Each structure stands twice: as C-alpha cells, then as structure tokens.
Amino acid sequence: MPTTINPIKGTRDYYPEDMAVRTLLYQTAREVSESFGYQEIDGPFLESIDLYAAKSGEELVKDQSFVFEDRGGDLITLRPELTPSLARMVAQRQKQLVYPMRWWSWGPFWRYERPQKGRSREFFQWNIDLIGVDSPEADAELIALAASFLRETGLTPNQVQVLVNNRRLMDTELLALDIPAEKRLQVFRLIDRRDKMSPVNWDAYAVEVGLTSRQLYGLKSMLVDEGLWHKSSELERTFQVIEALGVGDYVRFAPHVIRGLDYYTGTVFEVWDLDGEFRSILGGGRYDSLVEAVGGDPLPAVGFAMGGSVISLVLKKYDCLPADEAIINAPVLMTVFSQELLPASFKLATELRSSGFNVVCYPIAAKLGKQFKFGDRMGMRVALILGPDELSQNHVAVKDLLSGEQQSMPIAEVAEFIWGLTGNTC
RNA sequence: GUGGAUGUAGCUCAAUGGUAGAGCGCCUGACUGUGGAUCAGGUGGUUGAGGGUUCGACCCCCUUCAUCCACCCCA
C-alpha cells in the first residue's frame with residue numbers, strides 16, 4: 001500500500017453508512033426543533049479568539065481550541081462552541097429581534113482534546129435555545145424538546161432519561177446546611193463528581209473542600225432525596241408543564257445533576273443512558289447572565305447542546321439505527337442485458353426517474369448474475385431486466401430482490417408496480 | 001496535559017525466539033437470461049515505521065507514528 005496521509009487526529013472520514021447516521025441526527029433535530037417553532041441559524045466556523053475571552057479563564061479557549069494566526073497576523077480559532085457566536089448575534093440585533101426567540105443550529109465544532117470514546121476533536125452539535133423569557137415553563141419546553149428528540153429516535157424511557165435539577169434550589173439547601181455562599185461553586189463541583197469517584201475518595205474530597213461531618217451527612221441525604229424538588233416552586237411548575245407536554249415518562253428529578261459550567265443560573269438538565277455506559281448525551285440549562293456578559297443588555301435564556309458522538313453510540317447500542325441495507329436511497333436497479341440493448345435500459349431508467357424513482361443504471365453489459373449481486377449488496381429493492389424477450393412484447397421483467405420473485409409486465413405498468421413494492425417498505 | 005493498553009491478510013483474530021495461519025470477505029467456476037444457499041478452486045502480508053540484541057525476531061530492547069481506554073474537561 002502506498003503511503004497514506006492519515007486523517008488529522010480526532011477527525012474522521014464519513015463513509016456512506018456514517019453519513020447516513022449524521023444525516024439522521026440532523027433531520028431528527030430539525031424535525032423536533034421545527035415542531036416547536038424554532039428557527040434554524042448558524043454562525044461562522046471561524047471566529048476571533050477575542051469572542052471567547054468574555055468567559056474569562058476558560059480552559060475551553062486556553063487549552064482546548066484550535067488557534068492559528070491568519071495571514072494578517074490575527075488570532076483565529078475554529079469555534080469550540082456556539083453560545084458566544086449566538087450571544088453576539090443576539091446583541092447585534094437585540095432591539096429588533098422578536099421575543100421570545102427560538103433558535104436552533106446544527107454544525108461542526110472543534111476542540112483540541114485527547115480523543116476517546118464519544119469524544120473527538122471535530123464533532124457535530126445540535127444547539128437549541130429559547131431566549132428572552134425567564135419562566136419555569138420555558139425550561140420545561142427545552143426539557144420536552146430533549147425528550148421529544150429521544151422519543152423520535154426510538155429510544156425508550158427505560159433506556160434514557162432527562163435528569164433535572166435546579167441550582168437555586170441547591171443554593172437554598174446548601175445555605176440550610178450552613179454551607180457558606182463562597183463555597184457554593186466548590187460544593188457544586190463536589191456534587192458534580194459524585195458518580196465519578198469512589199465513595200471513600202469522595203468523602204475525602206468533601207473534607208478537603210471544608211465540609212464538616214454534619215454538613216457532609218446533610219449533603220448525602222440531600223443527594224438521595226427524590227422528593228426534594230417539591231421545595232422548589234420553580235421545579236414544581238416545570239414538572240407540571242412537562243407532564244402537560246406529554247414527556248413525563250422521560251424526565252425525572254435528580255439532585256446530583258449540577259453541571260460543570262459556572263454560568264448556569266437556575267434549572268439544569270442532562271440526558272443519560274440509564275446503564276451509565278456513556279458520558280452524558282446532552283446537557284443544558286438556564287443561563288440568564290450570558291448575553292449581558294458578552295456585551296448585550298441583560299437577557300434571560302435557556303438551552304442545551306447535544307453532541308453527535310455519544311448519541312450515535314447510544315442509538316447503536318439500542319439498535320435504533322437503520323440497517324446498512326436501508327442506507328441506499330435508490331431502490332431500483334436497471335440492469336443492462338447487452339451492449340446493444342444498453343440504450344433501451346438507460347431510456348427506461350430515465351422515464352422512471354421522471355416518475356420520481358431513484359434509479360441506478362448498471363454501467364456496463366456485465367453478466368446478469370453479477371448485476372443482481374451488485375443490487376443485492378447495495379441493498380436495492382428491485383431489479384429491472386430488459387432483454388430481447390421483453391422488448392419484443394414491449395415488456396420489462398421486474399425482480400423483487402428480497403423474495404426473488406420475478407414477473408414480466410408491460411412497461412406502462414412498471415411504475416405503479418414498483419410503487420406498490422417500495423411503498424410498503426419505506 | 002497525565003497515566004495505561006494495543007498495532008499481524010480487506011475484516012475479526014491465531015502463531016514456545018526456529019518455514020506467518022484460520023474464519024469471514026473477495027475473485028473464478030459448477031450455473032452460456034438471474035443475486036443470497038452449497039460445493040470446488042483461487043487471490044491474498046515489507047507482521048505500523050525505523051533502529052538494536054541474536055546464528056535466527058511477529059515475539060526481546062530502544063525510538064517513533066497511529067489507534068483505543070481512563071484521568072482532566074465537556075457535547
């Protein structure tokens with residue numbers, strides 16, 4: 001094999017079967033987003049590094065971005081996330097946009113990290129945000145969007161769940177344990193790591209953070225209290241609306257979900273595979289200060305992001321992806337009987353395309369067996385044969401590649417016949 | 001950035017330091033107007049790359065590259 005240039009670390013090639021998955025995710029995200037009236041947007045893939053400076057001290061920019069100098073000497077980065085671009089788009093037209101505003105986006109992002117399961121350096125992400133309204137019902141809408149997406153892909157409530165918590169509720173509860181406000185973010189971080197550490201190490205970490213044994217005990221009881229959300233009127237309203245939106249079976253309260261990012265201000269949520277085999281599928285929450293932080297007027301917002309990698313793994317695990325055989329989008333194979341009859345085959349293929357079929361023409365007059373094998377391996381549904389016998393009667397032979405049954409019929413009837421076959425399977 | 005594994009045929013994997021193999025796939029034929037099944041035959045490799053030790057290296061040592069996993073962080 002001649003020397004090949006490997007793909008850049010952390011990137012991947014999308015072969016047809018991979019592309020089919022990516023397209024499926026995009027189309028599902030689109031359907032779900034649009035069903036709630038969200039509009040599609042996008043920002044540039046290249047941004048100035050300054051755009052991300054507003055979120056000061058961000059590891060995301062410092063260590064995890066692809067940064068390079070352009071020919072004019074400016075520092076350019078491949079966007080590591082959408083939110084700053086989105087915040088800028090809002091700030092630029094803040095006075096003329098219509099609120100509440102519902103935007104969604106799907107596109108590539110880049111982060112310079114060590115690749116591993118469910119994480120690469122180039123990845124696709126669904127972003128969706130409801131901007132300009134601060135209500136528990138808005139939070140519920142985003143949670144319902146996430147749940148609707150899961151349902152749309154075929155995942156069940158036994159396989160995946162949206163886990164919901166609220167940072168203001170946690171603030172109140174921490175204060176009740178006499179945990180001072182300045183320790184809040186540290187304790188949030190402690191909570192975030194609950195499932196990632198052994199109980200012993202976690203206890204040690206808690207002591208390190210400065211919790212007393214009484215506080216630690218209180219925190220532990222808090223984290224297993226599934227009824228804690230009744231203390232939050234916000235969450236009570238949110239959960240009530242989630243029921244009304246018909247996705248209650250996909251959603252539950254989870255006091256240990258807190259999110260790593262500091263900018264969340266209220267309700268937060270994540271989607272998890274219930275086996276815990278993968279990292280989180282999706283994450284989001286309310287962030288009421290972010291637009292202001294990038295130079296706009298204060299504007300409340302709630303949203304989430306879902307990367308394409310983990311959800312693909314989850315869908316594969318639960319057999320929610322189309323079979324390889326179903327990937328070909330041309331169900332009809334037009335075979336070529338002989339060099340002399342090739343034009344007749346191509347002509348019939350053209351007529352069928354005009355009728356709305358996707359038709360593959362075999363490009364040479366190979367042995368019919370070889371042509372059928374090709375159609376079979378490509379997952380095609382029917383093969384058409386135009387030989388001397390058929391042509392003499394103005395017929396065409398139609399072979400069902402699944403059953404193997406074949407029949408000859410007038411050319412004028414073939415379109416309707418194929419509709420009958422493919423219509424049932426698509 | 002830290003730590004741990006793994007690189008052998010197109011794919012999944014074998015092979016005490018002593019002639020690199022199997023299954024699947026692929027090609028051809030049995031089948032001159034017909035795929036999947038079966039059978040027969042065939043194609044298959046600079047053992048990731050480079051160096052070292054050895055009479056002899058897929059195997060041991062060093063370097064390097066790649067991939068995977070965990071940490072970190074997050075989608």
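Model, not experiment: these values are computed from the prediction. Lettering follows sequence order; numbering is per chain, from 1.
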Engineer: Is the distance between the ring centroids of F124(A) and F109(A) under 6.0 Å?
Structural biologist: no
Engineer: Using whole Å, what does the distance between atom C1' of nucleotide U32(B) and atom CG of L368(A) come to?
Structural biologist: 12 Å
Engineer: Compare side-chain N and O positions of K373(A) against OP1 and OP2 of C27(B) and report whether any pair is under 4.0 Å apart.
Structural biologist: yes
Engineer: I'd like to check, for F123(A), whether its ring lies over the base of A75(B) with centroids under 5.5 Å apart and a plane angle smaller than 30°.
Structural biologist: yes
Engineer: Below 6.0 angstrom between ring centroids: does that apply to F304(A) and W126(A)?
Structural biologist: yes
Engineer: Rounded to whole angstrom units, what separation is found between the CD atom of Q371(A) and the P atom of G35(B)?
Structural biologist: 12 Å
Engineer: With a 4.0 Å cut-off on N to O distance, would you call E40(A) and R30(A) a salt bridge?
Structural biologist: yes
Engineer: Between G44(B) and C31(B), how far apart are the two C1' atoms, rounded to whole Å?
Structural biologist: 26 Å
Engineer: Looking only at N and O atoms, is any donor in the side chain of E390(A) or the base of G33(B) less than 3.5 Å from an acceptor on the other one?
Structural biologist: yes
Engineer: Can you check whether K367(A) has a side-chain N or O nearer than 4.0 Å to OP1 or OP2 of G29(B)?
Structural biologist: yes
Engineer: With distance as the sole criterion, do the side chain of E113(A) and the base of A75(B) form a donor-acceptor contact below 3.5 Å?
Structural biologist: yes
Engineer: Using heavy atoms to find the nearest nucleotide of RNA chain B for Q406(A) and W272(A) separately, return the residue whose nucleotide is more 5′.
Structural biologist: Q406(A)
Engineer: Go nucleotide by nucleotide along RNA chain B from the 5' end; which of M306(A) and S403(A) gets its closest nucleotide reached first?
Structural biologist: S403(A)
Engineer: Checking all strands, does S120(A) fall into the base, sugar-phosphate, or nothing category for heavy-atom contacts under 4.0 angstrom?
Structural biologist: base
Engineer: Any carboxylate oxygen within less than 4.0 angstrom of a Lys/Arg side-chain nitrogen, looking at E47(A) and R88(A)?
Structural biologist: yes
Engineer: With a 4.0 Å cutoff (strictly under), does any side-chain N or O of K9(A) reach OP1 or OP2 of U67(B)?
Structural biologist: yes
Engineer: Mind calculating the distance between CD1 (I385(A)) and C1' (G33(B)) to the nearest angstrom?
Structural biologist: 9 Å
Engineer: Looking at D192(A) and R194(A), is there a salt bridge between them, counting it only when a charged N and a carboxylate O are closer than 4.0 Å?
Structural biologist: no
Engineer: Take atom C1' in G45(B) and the same atom in G21(B), then report the distance between them in whole Å.
Structural biologist: 11 Å
Engineer: Can you check whether Q116(A) has a side-chain N or O nearer than 4.0 Å to OP1 or OP2 of A70(B)?
Structural biologist: yes
Engineer: Is there a side-chain polar atom (N or O) of R114(A) under 4.0 Å from OP1 or OP2 of G3(B)?
Structural biologist: no
Engineer: Taking only Lys NZ, Arg NE, NH1 and NH2, and the carboxylate oxygens of Asp or Glu, determine whether R381(A) and D400(A) approach each other closer than 4.0 Å.
Structural biologist: yes
Engineer: Please confirm whether the shortest side-chain N or O distance from R279(A) to OP1 or OP2 of C69(B) is below 4.0 Å.
Structural biologist: no
Engineer: In whole Å, measure the gap between the C1' atoms of G41(B) and G33(B) for me.
Structural biologist: 26 Å
Engineer: Remember a base hit wins even if backbone is also touched, and classify R119(A) as base, sugar-phosphate or nothing at under 4.0 Å, heavy atoms.
Structural biologist: base
Engineer: Measuring only the C1' atom in each nucleotide, how far is G50(B) from C26(B)? A whole number of Å is fine.
Structural biologist: 33 Å
Engineer: Starting at atom NZ of K117(A), determine the distance to atom C1' of A5(B), rounded to an integer number of angstrom.
Structural biologist: 15 Å
Engineer: How many whole angstroms separate atom CZ of R12(A) from atom P of A75(B)?
Structural biologist: 20 Å
Engineer: Please pick, from G33(B), A70(B), U34(B), the nucleotide with the shortest atom-to-atom distance to any side-chain atom of F372(A).
Structural biologist: U34(B)
Engineer: Using the P atom in both, what is the distance from U28(B) to U43(B), to the nearest Å?
Structural biologist: 15 Å
Engineer: Less than 4.0 Å between a side-chain N and a carboxylate O, is that true for D171(A) and R184(A)?
Structural biologist: yes
Engineer: What is the distance, to the nearest angstrom, from the CG atom on D192(A) to the C1' atom on C72(B)?
Structural biologist: 12 Å
Engineer: Could you measure between the two P atoms, the one in U19(B) and the one in C58(B), and give it in whole Å?
Structural biologist: 10 Å
Engineer: Please determine, for the side chain of R111(A), which listed nucleotide (C71(B), A75(B), U67(B)) has the closest atom?
Structural biologist: A75(B)
Engineer: Between U46(B) and U38(B), how many Å separate the two C1' atoms, rounded to a whole number?
Structural biologist: 38 Å
Engineer: Sticking with atom C1', work out how far G25(B) lies from G10(B), rounded to a whole angstrom.
Structural biologist: 7 Å
